[in-house]
Amino acid sequence: MEKSNLTLGEFIIENQKHYKSTSGEFNRLLSSIKLAAKVVNYKVNKAGLVDILGDAGDTNVQGEDQQKLDVYANNVFMQTLINREIVCGIASEEEDDYVTIKGKHETNENKYVVLIDPLDGSSNIDVNVSVGTIFSIYRRVTPIGTPVEKVDFLQRGNQQVAAGYVVYGTSTMLVYTSGHGVNGFTLNPAIGSFYLSHPNMRFPEKGKIYSINEGNYVHFPQGVKDYLKYCQEEKEDRPYTSRYIGSLVSDFHRNMIKGGIYIYPTSSIGPKGKLRLLYECNPMAFLAEQANGKASDGYKRILDIKPTELHQRVPFFCGSKNMVEKAEEFMSKYPKDADY
Ligand SMILES: O=P(O)(O)OC[C@H]1O[C@](O)(COP(=O)(O)O)[C@@H](O)[C@@H]1O
Ligand SMILES: [Mg+2]
Ligand SMILES: [Mg+2]
């Protein structure tokens, strides 16, 4: 009888056999993320019944109002990773600076750092629309046993060991890559385990869906305006369909399954775009490339951008190859807006 219905835990162990690159430490790290995702999922599913909706009354380092679920999810992921003593440092959208994790003897023998967006799609929490969590994993570059440093977090995306997201939607899924393709696992809430439901996920080469907040149209760079006109033209296989959930994870997930592009460009109101390079764009770009898709800032491959700040923002074009390349073609007609 063939192996089937693998749980995430079994899949991780299978993977370790095939790819010597991962270690027990890595598996324990993934299973910590899996545990934290289940705890957050439990709260999200009954959000209206527990005091988790609405504003937390605080702002994060980016000046954004924190939602109660942002703070809750951040605490759950941080605490789970700290309890499991599995990383040497964590950076989060909801933390001003990176957090150094001390081991038993003030030092820490772990080699991984994690960057997270604990709750993605915060504007959708109170209106019962799907939200997510995004994570990115690197090996530290400073010596093991010494305190972690900023340089351990400011690595190019092409150095990621693994990346993934959890989508809390009609079902709850965890989707990740460790550099050997992208696989999706669906949570069976009755059993409390994630099962392999979407093996080897791949963006259809040709997509027909575009996801962008057209409410900002007047502020968009001319290249984006031209590309939107192209998408809406009555020609060949166009017009394409416009779909925008307003949760990066959910828009990405749909576009990876159906074929499409997500764009959050620069604009006159957001000269560097909105999305954060380290814990939104890099992990989604790694997944996209591992799933036959593409991700750039309209000009340059996202994974090659050298980060300079923990919470820096970049423009984001991500999805089916044919669509990202076409959008880049329109962008290339105009000089790059800003350097970052
Ligand atoms: O409301 P806008 O400006 O369209 O922005 C929506 C985008 O912002 C985000 O909500 C930013 O992420 P956070 O919710 O984690 O801050 C993305 O998920 C989403 O794609
Ligand atoms: Mg986000
Ligand atoms: Mg967030």
Side-chain angles (χ1 to χ4, degrees), residues 36-37 40 43-44 47 52-56 58-78 90-96 114-136 163-169 175 209-220 224 228 242-256 260-285 287-288 295 297 302 310-319:
V40 171
K43 206 66 139 183
V44 167
I52 201 74
L53 294 180
D55 214 316
D58 243 333
T59 56
N60 63 19
V61 66
Q62 299 146 67
E64 291 167 343
D65 295 335
Q66 286 181 314
Q67 303 300 301
K68 286 182 186 164
L69 201 54
D70 284 323
V71 176
Y72 175 78
N74 187 53
N75 293 342
V76 170
F77 276 91
M78 298 286 292
I90 307 171
S92 164
E93 178 190 0
E94 306 306 336
E95 301 284 340
D96 295 6
V114 172
L115 301 99
I116 50 171
D117 176 356
L119 204 287
D120 178 64
S122 308
S123 64
N124 281 325
I125 296 169
D126 291 2
V127 291
N128 201 359
V129 171
S130 71
V131 292
T133 292
I134 309 174
F135 62 90
S136 169
Y165 59 82
V166 183
V167 54
Y168 311 101
V175 175
I209 295 170
Y210 63 96
S211 310
I212 187 168
N213 184 343
E214 288 188 73
N216 298 332
Y217 182 85
V218 290
H219 304 292
F220 287 160
V224 173
L228 285 179
S242 170
R243 287 279 183 279
Y244 189 69
I245 295 169
S247 297
L248 166 64
V249 163
S250 313
D251 282 310
F252 177 95
H253 189 74
R254 184 221 26 261
N255 290 347
M256 180 160 64
I261 185 171
Y262 170 100
I263 303 176
Y264 210 107
T266 58
S267 69
S268 46
I269 39 176
K272 296 193 173 160
K274 176 178 183 178
L275 300 183
R276 284 51 60 115
L277 175 61
L278 290 180
Y279 42 79
E280 289 174 319
C281 302
N282 271 338
M284 303 314 270
L287 287 158
D297 64 1
I302 289 287
L310 269 185
H311 302 286
Q312 77 183 80
R313 302 172 192 263
V314 291
F316 196 48
F317 296 68
C318 181

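The first residue of the sequence shown is numbered 1, and numbering continues consecutively from there. Numbering of ligands and ligand atoms starts at 1, following listing order.
The 12-atom threshold is not exceeded at CG of Asn128, counting heavy atoms of other residues, nucleotides or ligands nearer than 6.0 Å.
Among all non-hydrogen protein atoms, the one lying nearest atom 20 (O) of ligand 1 is Tyr262 OH, 2.8 Å. Distance from atom 8 (O) of ligand 1 to its nearest protein heavy atom, with residue and atom name: Lys274 NZ, 3.1 Å. With hydrogens left out, the protein atom closest to atom 19 (C) of ligand 1 is Gly246 O, 3.3 Å, a heavy atom. Closest protein heavy atom to atom 4 (O) of ligand 1: Tyr244 OH, 2.6 Å. Here the heavy atom of the protein found nearest to atom 3 (O) of ligand 1 is Tyr264 OH, 2.6 Å.
At a heavy-atom cutoff of 4.0 Å, ligand 1 is contacted by no atom of Asp70, backbone or side chain. Contacts between Asp117 and ligand 1, counted as non-hydrogen atom pairs separated by less than 4.0 Å, involve the side chain only.
Considering Glu64, Glu280, Glu94 only, the shortest heavy-atom separation from atom 12 (O) of ligand 1 involves Glu280.
Looking only at distances, no side-chain donor or acceptor of Asp297 sits under 3.5 Å from a matching main-chain atom of Val314. A donor-acceptor contact shorter than 3.5 Å links the side chain of His311 to the backbone of Asp96. Remark: the backbone N or O of Leu248 is paired with a side-chain donor or acceptor of Asp120 at under 3.5 angstrom.
Below 4.0 Å from some heavy atom of Ser247 lie the following atoms of ligand 1, by number and element: 18 (O), 20 (O). Near Arg276, with a cut-off below 4.0 Å to any heavy atom, the atoms of ligand 1 are 11 (C), 12 (O), 13 (P), 15 (O), 16 (O). With ligand atoms numbered from 1 in the order given, ligand 1 contributes 2 (P), 3 (O), 4 (O) to contacts under 4.0 Å with heavy atoms of Asn213.
Annotation: protein N, O or S atoms under 2.8 Å of the Mg ion (ligand 2) (waters excluded) comprise Asp117 OD2, Asp120 OD1, Glu280 OE2.
Residues Tyr264 and Phe317 keep their aromatic ring centres 6.0 Å or farther apart.
The shortest N or O to N or O distance between Leu275 and ligand 1 is not under 3.5 Å. Below 3.5 Å of separation, one finds an N or O of Leu248 facing an N or O of ligand 1.
For the side chain to side chain contact (heavy atoms under 4.5 Å, CB included) test, no residue two or more places apart in sequence or in another chain qualifies with Val218. Residues satisfying the side-chain hydrogen bond (donor to acceptor under 3.5 Å, both in side chains) criterion with Glu280, sequence neighbours excluded, are Arg276. Judged as a side-chain hydrogen bond (donor to acceptor under 3.5 Å, both in side chains), and not counting sequence neighbours, Tyr262 has no contacts.
For the atom pair CG of Asn124 and OG of Ser247, the computed distance is 4.0 Å after rounding to the nearest 0.5 Å.
For the pair Arg313 and Leu277, the minimum side-chain heavy-atom distance is 4.5 Å or more. In this structure, the side chains of Ile212 and Val224 come closer than 4.5 Å at one or more pairs of heavy atoms. Side chains of Phe135 and Leu115 form no contact here, defined as non-hydrogen atoms less than 4.5 Å apart.
Taking a 4.0 Å cut-off on heavy atoms, Asn216 fails to register as neighbouring ligand 1.
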### Task
Show the numbers, then the answer: is there a side chain to side chain donor-acceptor pair (under 3.5 Å) between Ser122 and Asp70?
CA-CA 7 Å; Ser122 308; Asp70 284 323; 2.8 Å; yes

